[in-house]
Structure formats: C-alpha cells, structure tokens
Amino acid sequence: MTRETHLAPEQLVAPLFVCPGERVREPIASMPGQARLSPDLAAREAAELAELGVGSVILFGIPAEKDAEGTGAWDPDGPVPQAIRRIKAATPALNVWADVCLCEYTDHGHCGVLHGDGVDNDATLPLLARASVAYARAGADVIAPSDMMDGRVAAIRAALDDHGFEQTVIVSYAVKYASAFYGPFRDAAGSTPQFGDRRSYQMDPPNVREAIREATADVDEGADMVMVKPGLPYLDVIRAVREHVDVPVAAYQVSGEFAMLHAAAERGWIDLPRAMMETSIALRRAGADILITYFARELATLLRAQPHPAAVAETIR
Ligand code: PBG
C-alpha cells in the first residue's frame, strides 16, 4: 500500500547475444543462464520473454569474421539484422532495440576505427550511421549507440531521417563509464580491446557533472531516451541525470553486476532472487524509468507470480 516505487515487466529490456547459424546455443561461462543464440533461437527466446510481459529486447551481434573497419556491423545478412527480421515477424509487439557499436566487429576490439594508436572519432560516425540504417531497415524499433563517439546521435538521426526512418527511436548510451564491470560481456562478445583501453571515449568514474553534459548533449542532438551504465555503482548519476533531462532514462545493470550476484549466490553468501529484486528496484528508485538487465526473464517471472490487483479482481468475479 505504501510502496513508493514499482517495477513492471514492460519496463525491462532483455539483452540477447546473437551469433551466426541455426539452432546454435553456446552458454556464456561467466554469465549463468545466458547464451549466444543463432537468429532462430533468439527469436524463440524473444517470444518467450514477450509472453512473460518483458517490454523489449536489445540485440548484440557476434559476427563470423572481424576486420579493421568493423564492416560486419552493417552487413544486412549479419546475425543482428536476421534476428531483427525473425523477431519482428514472430512477435511484432515486442520492442526490438539494436545496440550499435563497432567493438564486436573490429579485429582490434575498439569501438571505432583507428588512426595511429587512437580511435578516430569523426571517421567512425558515418560507419555507425551505416550500421544504424541497416538495423532500422531490418525492422529495429530502437537504435541504441553504445560506442561513446562524440556527435554520433546527430549523425545517426540524420542518416535515419535521410533513409525514411523518421519514426525509429534513438536511445543513447549517453553516460557510459570506463568500467571494470564489462568483463563478462567482453568475453561473451569477444570484444576486449587488443591494446590500450576505452578511456579516451568512455567516461571517468569520478565524474558526475560530465554525465549531465553528456546526457544534455545527446538530447540536444536528438536522443529520445538516455542511458546510464553501469547501474548500481552509479545510482547518484542516474538521479542527477533524471533531474536534468525530460526524456526517459534507462539504467543498464551490466554483465559484471550480474556475474557478481551469481557468484556470491553460488557460494551461498546471498539470496539471489531477493538480491536481484532489491538491486532492480534500487535502480528504479534512483530514477531509472527503464532497466536493461540480464535478469529480465527471472524478474518478469517473479513479478507475475505476485498477486496483482487485476488478478485479484478476476477471482472476486
Ligand atoms: C559495446 C558494449 C559494451 C557493453 C554494452 N555495449 C562493452 C564495452 O563497452 O566494453 C557492456 C554490457 C555489459 O557489460 O553487460 N560497446
């Protein structure tokens, strides 16, 4: 009766890793319950998530081959466009988000193209725009750039509009920290940088004013929603961003947060369902409207099991 914050399945976004092939399911060791799925199995998983009430999925691609430019990112027959087409055909009401970044597609593992030892911000923008158009053309509802290049939201918005995708939504990973918590994801996607790190384009963990500047810049460039990532170590940042922008704010509980909870639970040190629910509601309480979480399936299952006023009304009738 007195609870101030609620969590609903439609606020959840489930990440899916899509690899080439048919009937392929490769479990990811550091992310219990998660697997790389071929487009057919990703579509089946998406249908089950939708059945549980989960609002959206976000797709990450694992291409057959990588190169210096990340050309696989805009291959119309790559695993992500294939999965988008299959999911939208089978489960049209589910929102399909496509993560846009080059790091899964480049052989060096950086999020943009290289110039000398560094990432060339401006040369990367047209490539991100090209990938975005490919995903929109396959039917993605949402384009979610996670590369952290400056100016990419404007470049992607212009390219989408030029190709007739005015209705495609942009959710920007506006506030993405250079974090230790992405380790398991990089295992899953094979996207660990081959040299250096991502600190020239991702944010410095001590900064919060900079987060507001990043979020505001992305909204000005046309972002329809902004994201803060990781989640739990940055609750204050979520709150600050929520108070400074008018668009919805999403929080990403990342792979390392997920792995950490699983590892402690495996040792019997914490109760996983409770910790999962508590960390999720904490992100909502901090100000996140939407949660991207590897617990989406389990959360939706738990939330459905709890008596809901509508269900109670049904039994009275
Ligand atoms: C790609 C990307 C990353 C994540 C989402 N998109 C990894 C990174 O920046 O290295 C991390 C997600 C997670 O850890 O769950 N740029």
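Just so it is clear, the values below take in all heavy atoms, side chains as well, and ignore hydrogens, waters and symmetry mates. Throughout, numbering of the chain's residues begins at 1 and tracks the sequence. Note that ligands are numbered from 1 as they come in the structure, with each ligand's atoms numbered from 1 the same way.
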Proximity of D147 to ligand 1 by residue part, where a heavy atom lies under 4.0 Å:
neither

Going by the closest heavy atom to atom 2 (C) of ligand 1, which one wins out of Q34, H110, K176, E104?
K176

For K229, the ligand 1 atoms with a heavy-atom partner under 4.0 Å come out as 2 (C), 3 (C), 4 (C), 5 (C), 6 (N), 11 (C), 12 (C)

Atom 15 (O) of ligand 1: which protein heavy atom is closest, and how many Å away?
Y294 OH, 2.5 Å

Students should be able to answer this: which protein heavy-atom is nearest to atom 10 (O) of ligand 1, and at what distance?
R186 NE, 2.5 Å

Can you sort out which atoms of ligand 1 are near D99, meaning under 4.0 Å from one of its heavy atoms?
6 (N)

Provide, to 0.1 Å, the distance between atom 12 (C) of ligand 1 and the closest protein heavy atom, together with that atom's residue and name.
F185 CD1, 3.4 Å

Is the NZ or CZ atom of K176 positioned over Y201's six-membered ring, under 6.0 angstrom from the centre and within 45° of the axis?
no

Just heavy atoms, cut-off under 4.0 Å: does S146 contact ligand 1 by side chain, backbone, both, or neither?
both

In ligand 1, the atoms that come under 4.0 Å of a heavy atom of F60 are 5 (C), 6 (N)

Would you call R199 and D204 a salt bridge, taking side-chain N to carboxylate O under 4.0 Å as the test?
no

Charged N to carboxylate O under 4.0 angstrom, R86 versus E22?
yes

Do any heavy atoms of M148 fall under 4.0 Å from ligand 1?
no

Electrostatic pair D40-R44, nearest N-O below 4.0 angstrom
no

Path from V245 to I292 over hydrophobic side-chain contacts below 4.5 Å:
yes

What heavy-atom pair brings A98 and I84 nearest, and what distance separates the two atoms?
CB-CD1, 4.3 Å

For the pair E221 and R152, find out whether any cationic side-chain nitrogen is under 4.0 Å from an anionic carboxylate oxygen.
no

Return the residue, atom name and 0.1 Å-rounded distance of the protein heavy atom closest to atom 14 (O) of ligand 1.
S255 OG, 2.7 Å

Minimal heavy-atom distance between I281 and T5, with the atoms involved, is CD1-O, 3.9 Å

Name the atoms and distances for all side-chain donor-acceptor pairs under 3.5 Å in residues 188-195, with sequence neighbours left out.
unit_1	atom_1	unit_2	atom_2	d
Q194	NE2	T192	O	3.0

For F258 and ligand 1, answer yes if some heavy atom of the residue is under 4.0 Å from a ligand atom, otherwise no.
no

Under a 4.0 angstrom heavy-atom cut-off, which atoms of ligand 1 come close to R198?
8 (C), 9 (O), 10 (O)

Is E257 near ligand 1, meaning one of its heavy atoms is under 4.0 Å from it?
no

Below 4.0 angstrom from a heavy atom of Y252, which ligand 1 atoms are there? Numbered from 1 as shown, please.
12 (C), 15 (O)

Which of the numbered atoms in ligand 1 are below 4.0 angstrom from a heavy atom of Y182?
8 (C), 9 (O), 10 (O), 11 (C), 14 (O)

Taking only non-hydrogen atoms of C103, do any sit less than 4.0 angstrom from ligand 1?
yes

For P248 and D224, work out which heavy atoms get closest and say how close.
CD-O, 3.5 Å

Taking atom CG as the centre, does D117 end up with more than 12 heavy-atom neighbours from other residues, nucleotides or ligands that are less than 6.0 angstrom away?
no

